[in-house]
Amino acid sequence: MWRTFAAHERKPTEFLDDALTRVEFDRSLRARADATLVAEAASEPLVAEAMRTPQTPPHHAEGPFLDDHLRLALQTLYAVFDGALRLVGIEEFARLKGFGGEVEEIEETIKENAALYETFVLCHDVAKWPLVYFDAPEGSRGRSEGFVEAPRAHRDDAGSAERAKARSAFLKLYDAFVAQRKGLSRTEAQTEFYLTYGIEAHYAGHGRAFHAPAYRALLERVASRRSLPPRDIDLLETLIAHHLDPLDDFASPNPSVVLRYHAIAAKHGYDADDFIDLLQGCLFLDTVCGSRRQTVGATQHEADSLVNFLRSEHDFAPWRRAEKERYREELRKRERNAGFRAVGLDGVALMNLLGMDPGPAFGETLRHIHEAVVAGEPLPRFGKKIDAELEKRIAGYFGQTFQKGD
């Protein structure tokens, strides 16, 4: 949903890779994510099984198995919810001039729907386990080991036995490889294995596969443990089914394809703006942060798909932005006035403090005070006692504002 971003002094930013390295190696965040994964795996065999799904570069260089992907996505979710990771503080988003409000909207959406997103992370890739298949280029060691996709095998139910056989062979080969390299970290071992064998894992159709009854039942159980209402469960099934679509749709800016997401929302009875906001949050956690790409000589996180989604959404209907800006500005004004009233910076309280009567002179003084507070500029002076009381009230205003994360 389009909105403007309150003007403030530009704070220092950090690049996406630096921010996510900080999140990944935060012990408390990792312990929290591990606890969630362990608990869910103990309750749900489908989740426990899925966590052992192999994953490979170039698209998943964050670790050799699906649990590495889920852990990193959960750590990111908890970091955003706790305020340890601010999207507006990530350089790749901060440099999007005029898009600060949209970036902040994603962050707020994640915070407001933390239980929904935790359920999404735990469930969105469970169908990868039965669907994983492998391929390796001609002339590679992986091809010589028999890792080559049979034509259409990944699209045919009859290929499930072959996929299971290949999965077992991959796990056996990988475990033997790692056993001979005890000093390597998980990501180092994953990279060396990939460079040695050239085998790539793929999971065609795993998003749409989530419509199967077994996965819907899993979703209901995981969601119920987080007290999500039935409507959120239906919404999650739709989000999971379509969570991969933005990767192809927004490989580059593509405004016209945004209409497709409006159509999906309309089909299921969702508000289009809300659906897009939630899907962008899924894209951020799953692809931007939970996945790390293998590039020449390095691994990195990529924000391109989300950036292109934001640009496309704006360009799809730029005339709607002014309308949404006015609406958001009115909401911010109401919140600001409520904050002023709570600490005695509203008109009535200031009239009593300053000993002034209603009228143009007081109106002008009130405007100057409020503008100075919002902009962080010097206040008008009224004498030592009144100035001290004003400073006290302003400190209270900013104290409650910071508690809300503004």
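Sequence positions, counted from 1, serve as the residue numbers for this chain.
Between atom CG of residue Leu96 and atom CD1 of residue Ile90 there is a gap of 11.5 Å, rounded to the nearest 0.5 Å. Between the CD1 atom in Ile106 and the CG atom in Leu310 there is a gap of 4.5 Å [rounded to 0.5 Å]. A distance of 10.0 Å separates CG of Leu116 from CG of Leu77, quoted to the nearest 0.5 Å. Note: Thr119 OG1 to Glu220 CD = 12.0 Å, rounded to the nearest 0.5 Å. Between atom CZ of residue Phe210 and atom CG of residue Leu218 there is a gap of 5.5 Å, rounded to the nearest 0.5 Å. Once rounded to the nearest 0.5 Å, the distance linking OG of Ser312 with CZ of Phe250 reads 5.0 Å.
Listed by first then second residue, pairs satisfying side chain to side chain donor-acceptor pair (under 3.5 Å) with a partner in residues 165-182 read Arg52-Asp175, not counting sequence neighbours. Legend: salt bridge (charged side-chain N to carboxylate O under 4.0 Å, His left out) pairs involving residues 117-127, not counting sequence neighbours, sorted by first then second residue: Glu118-Arg226, Asp125-Lys128.
The residues Arg292 and Glu302 are annotated as not salt-bridged, no charged nitrogen and carboxylate oxygen being separated by less than 4.0 angstrom. We find that Asp26 and Arg32 are not joined by a salt bridge, their nearest charged nitrogen and carboxylate oxygen being 4.0 Å or further apart. Between Arg311 and Asp315 there is no salt bridge, since none of the side-chain N atoms of the basic residue sits less than 4.0 Å from a carboxylate O of the acidic one. Look at Arg71 and Asp68 and you find a salt bridge, because one of the NZ, NE, NH1 or NH2 atoms lies within 4.0 Å of a carboxylate O, short of that distance. Residues Arg221 and Glu44 are paired through a salt bridge, judged by an N-O separation under 4.0 Å between the basic side chain and the carboxylate. Salt bridge status for Asp387 with Lys392: absent, with no side-chain N to carboxylate O gap under 4.0 Å. The existence of a salt bridge linking Arg22 and Glu14 is confirmed by a sub-4.0 Å separation between a basic side-chain nitrogen and an acidic carboxylate oxygen.
Not one N or O on the side chain of His301 forms a donor-acceptor pair closer than 3.5 Å with the backbone of Leu16. When atom types are taken as modelled, the side chain of His124 and the backbone of Ile240 share no donor-acceptor pair closer than 3.5 angstrom. Judged by distance alone, the side chain of Glu107 and the main-chain N or O of Leu87 form a donor-acceptor pair under 3.5 Å. The main-chain N or O of Glu40 is never found under 3.5 Å from a side-chain atom of Ser43 such that the two would form a donor-acceptor pair. Not a single donor-acceptor pair under 3.5 Å links the side chain of Glu92 to the backbone N or O of Ala303. Side chain of Gln300 to main chain of Asp17: no donor-acceptor pair is present (N/O by atom type, distance under 3.5 Å, no hydrogens or angles). A donor-acceptor distance shorter than 3.5 angstrom exists from the side chain of Ser291 to the backbone of Asp286, with no hydrogens or angles considered. The backbone N or O of Gln294 sits nowhere less than 3.5 Å from a side-chain atom of Thr299 that would complete a donor-acceptor pair. A donor-acceptor contact shorter than 3.5 Å links the side chain of Glu188 to the backbone of Ser185.
Aromatic pair His262/Phe316: ring centres closer than 6.0 Å. Aromatic ring centres of Phe340 and His370 lie closer together than 6.0 Å.
Legend: residues meeting salt bridge (charged side-chain N to carboxylate O under 4.0 Å, His left out) with Glu145, ordered by chain and number and at least two apart, are absent. In terms of the side-chain contact (heavy atoms from CB on, under 4.5 Å) criterion, residue partners of Thr365 (sequence neighbours excluded) are, by chain and number, Leu354, Met356, Ile369, Phe382. Evaluation of the side-chain contact (heavy atoms from CB on, under 4.5 Å) rule for Thr109 yields Glu105, Asn113, Tyr117, Asp277, Leu278 as partners, not counting sequence neighbours. In this view, Asp346 satisfies the salt bridge (charged side-chain N to carboxylate O under 4.0 Å, His left out) rule with no residue, not counting sequence neighbours. With sequence neighbours excluded, no residue forms a ring-ring contact (aromatic ring centres under 6.0 Å, His included) with His211. Residues satisfying the side-chain hydrogen bond (donor to acceptor under 3.5 Å, both in side chains) test with His60, not counting sequence neighbours, are Glu62. The ring-ring contact (aromatic ring centres under 6.0 Å, His included) test applied to His206 returns His243, not counting sequence neighbours. Shown here are the side-chain contact (heavy atoms from CB on, under 4.5 Å) partners of Ser140, two or more places apart in sequence or in another chain: Ala136, Pro137, Arg143. Applying the ring-ring contact (aromatic ring centres under 6.0 Å, His included) test to His59 and every residue at least two apart in sequence or in another chain returns nothing. Residues passing the side-chain contact (heavy atoms from CB on, under 4.5 Å) test with Asp245, sequence neighbours excluded: Arg208, His242, Asp249, Arg260, Tyr261.
In this pair, Phe134 and Phe170 present their aromatic rings parallel. The plane angle is below 30°, not in the 30 to 60° band.
Relative to the ring axis of Tyr133, Arg163 does not place its NZ or CZ within 45° and under 6.0 Å from the centre.
Checked by atom type, the side-chain pair Asn254/Ser256 shows a donor-acceptor distance below 3.5 Å. No hydrogens or angles considered: a donor-acceptor pair under 3.5 Å links the side chains of Thr238 and Tyr270. A donor and an acceptor atom, one from each side chain of Gln280 and Glu313, are located under 3.5 Å apart.
Within a 6.0 Å sphere centred on CZ of Arg27, heavy atoms belonging to other residues, nucleotides or ligands number 12 at most. At most 12 non-hydrogen atoms from other residues, nucleotides or ligands lie less than 6.0 angstrom from CZ of Phe81.
For the pair Glu49/Val126, no side-chain contact is recorded, criterion being any heavy-atom separation below 4.5 Å from C-beta on. With contacts defined as side-chain heavy-atom distances shorter than 4.5 Å, the pair Thr196/Phe177 qualifies. Under the 4.5 Å side-chain criterion, counting only non-hydrogen atoms from C-beta, Trp129 is not in contact with Met51.
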- Query: For Thr36 and Tyr78, what are the C-alpha separation, side-chain angles and deciding distance, and is it a side-chain hydrogen bond (donor to acceptor under 3.5 Å, both in side chains)?
  - Reply: CA-CA 11 Å; Thr36 299; Tyr78 300 148; 2.8 Å; yes

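In terms of heavy-atom proximity, Pro246 sits nearest to Leu283 at CB-CD2, 4.1 Å.
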